[in-house]
Amino acid sequence: MMENINTTKQSAGGAFEISPRVFAKNILGFQNELKDNFESPVTDFLGIIIGEAIILGISDIHIEPQEKNAKIRARLDGILQDILEIPLKNYESVLSRIKLISGIKLNITNHPQDGRFTALLEGKPIEIRTSTLPAEYGESTVLRVLNPKSLITLKDLGLREDVLKTLEKELKKPNGMIIVTGPTGSGKTTTLYAFLKETQKPEVKIITIEDPIEYHLPGISQTQTNAAAGYDFASGLKSILRQDPDVILIGEIRDLETVEIAIQASLTGHMVFSTLHTNDAAGTIARLASLGAKAANIASALNMIVAQRLVRKICRFCSKPDIISPENLKKIKKELEDLPKSVKLPKITETTKIQRGHGCEKCNNTGYLGRLGIFEIFLVDDEMEKFILTNPSIAALRKELSRRNMISMKQDGFIKILEGITTIEEVERVSGE
């Protein structure tokens, strides 16, 4: 076992090498493996947890102390699943090891701490981000697995062909702003990194400012905010502009100063990518205005808004065609009745079949395997720019976007249902309807 521990900085961890072994093929195997090994040396036990998370594509491991035991849960394809409960004394040993390799303080238990370390699996480095939080029965711990395999190209995001062509066109522009919106865990960072991959060329200088840096991208200058040192998005952005960039990625727009600098950058020859937390594309304008940005500046700077959610894909190994129920058929017809004619759909009748996963070993008997995005795209052209200058309400903007035949996220999801990619239950789960 090789560990190279660096504790010179609170948030700077070391390397954790995972011993070679045969890993499980599904969640059930993961559960059984932990049951058989929870009394093993803590380094081996932690190696199983992290190794399985990487192999199975788990995004987060939650370890939550309770009155008598600590519960281990895993988030796979966006859904948390119970894995195992272990005695609190075992968890305390695991927590100490996690803190040590993450470079965070072992003796601090009464306030949150963040750290990170590199897991080495078969010589391949995978970044793990650590968060501890004081809870009723001890410190709750979350390990986020930042696997570079999660980074995909623009064509793999799940965009419809017409939307993909529009995005590719917008990304070729030399300046302007593209904002990606959605709640935490909706895939915004993955989309932004896909934008960077699309724009990355030897002649293009790209700089990012993130909180924190999630994935390290070769050939791109990445910088991380540091609140303790007074280095936030606004001050970092000012420094970035003195570095002569062509493309700037801002992890998130949170305040007026950042908005104003980002807008100014987009109006002076830079392409700016960033994120906001809003429910849909229409809400982005109101959110920017609530931060204090002027309508004239918003209208001039924005090129496009991309709102998104992630839905689980039907497992391709156990997928079978099913007749649509009368209730769901009614929902689909109603949702898609006003689509523009340019969107080609199969004829929907009482005998129309849709795909459904029936559960197998590959998908942990869930019927789903992997995720992709559902999107709505708000393109700011000359006509829309004039409309934004009227300071419209969110309701008025939604009405205008509907008049302009913008396809909503829910409609995009229903199109993917007919294409056999996801299910009506998934689309309704993430769209909140």
Side-chain angles (χ1 to χ4, degrees), residues 4-16 59-60 98-99 101-105 108 111-119 125-133 141-148 150-151 177-180 182 184-197 199-200 204-262 265 270-277:
N4 176 23
I5 307 302
N6 173 8
T7 56
T8 56
K9 292 184 180 179
Q10 182 177 349
S11 60
F16 180 83
S59 61
D60 301 86
I98 289 171
K99 283 186 169 185
I101 61 176
S102 300
I104 59 181
K105 295 179 180 178
I108 300 295
H111 67 74
Q113 295 191 83
D114 296 313
R116 64 193 299 151
F117 63 93
T118 301
I126 308 291
E127 293 292 307
I128 310 291
R129 201 167 76 208
T130 305
S131 171
T132 64
L133 183 74
T141 304
V142 175
L143 303 176
R144 168 151 288 189
V145 181
L146 301 173
N147 195 332
S150 302
L151 297 179
M177 184 185 296
I178 299 178
I179 292 180
V180 181
T184 301
S186 60
K188 298 187 298 296
T189 299
T190 299
T191 298
L192 286 183
Y193 280 27
F195 290 175
L196 294 183
K197 282 189 172 185
T199 56
Q200 189 176 14
V204 175
K205 170 83 170 187
I206 300 174
I207 306 180
T208 77
I209 179 164
E210 304 169 63
D211 179 25
I213 295 171
E214 294 203 10
Y215 300 95
H216 297 280
L217 302 174
I220 291 175
S221 300
Q222 295 175 269
T223 179
Q224 182 169 305
T225 59
N226 185 342
Y231 184 68
D232 56 15
F233 282 116
S235 60
L237 194 47
K238 289 177 184 176
S239 300
I240 285 172
L241 289 172
R242 292 192 285 270
Q243 292 283 310
D244 188 30
D246 299 295
V247 177
I248 303 168
L249 185 150
I250 308 166
E252 184 183 348
I253 291 176
R254 299 174 181 171
D255 54 57
L256 175 58
E257 189 177 8
T258 306
V259 171
E260 288 181 332
I261 300 170
H270 306 87
M271 177 59 78
V272 178
F273 304 139
S274 192
T275 70
L276 272 179
H277 286 88

Euclidean distance, [Y] [atom2] relative to [X] [atom1], rounded to 0.5 Å:
X	Y	atom1	atom2	result
Thr191	Leu196	OG1	CG	11.0 Å
Phe273	Ile248	CZ	CD1	10.5 Å
Ile209	Ser235	CD1	OG	6.5 Å
Thr208	His216	OG1	NE2	10.0 Å
Ile98	Thr141	CD1	OG1	5.5 Å
Thr118	Leu146	OG1	CG	10.0 Å

With the side chain counted from C-beta on, respond yes when [X] and [Y] share a heavy-atom pair under 4.5 Å apart, and no when they do not.
X	Y	result
Lys197	Leu151	yes
Asp211	Glu252	no
Phe233	Ile253	no

For Glu214, the option from Arg129, Arg116, Lys188 that meets salt bridge (Lys or Arg N to Asp or Glu O under 4.0 Å):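 So, applying the salt bridge (Lys or Arg N to Asp or Glu O under 4.0 Å) to Glu214 and each of Arg129, Arg116, Lys188, only Arg129 qualifies.
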Tell me yes or no: between the side chains of Thr258 and Asp255, is some donor less than 3.5 Å from an acceptor?
->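 There is such a pair (donor and acceptor under 3.5 Å, judged by atom type) between the side chains of Thr258 and Asp255.
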Handout entry: Pairing residues for Asp60 by the side chain to side chain contact (heavy atoms under 4.5 Å, CB included) criterion, not counting sequence neighbours
Key =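 Asp60: side chain to side chain contact (heavy atoms under 4.5 Å, CB included) contacts with His62, Arg75, Val142, Arg144.
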CA sep, side-chain torsions, deciding dist, call: Thr223, Tyr231, side-chain hydrogen bond (donor to acceptor under 3.5 Å, both in side chains)
CA-CA 10 Å; Thr223 179; Tyr231 184 68; 2.9 Å; yes
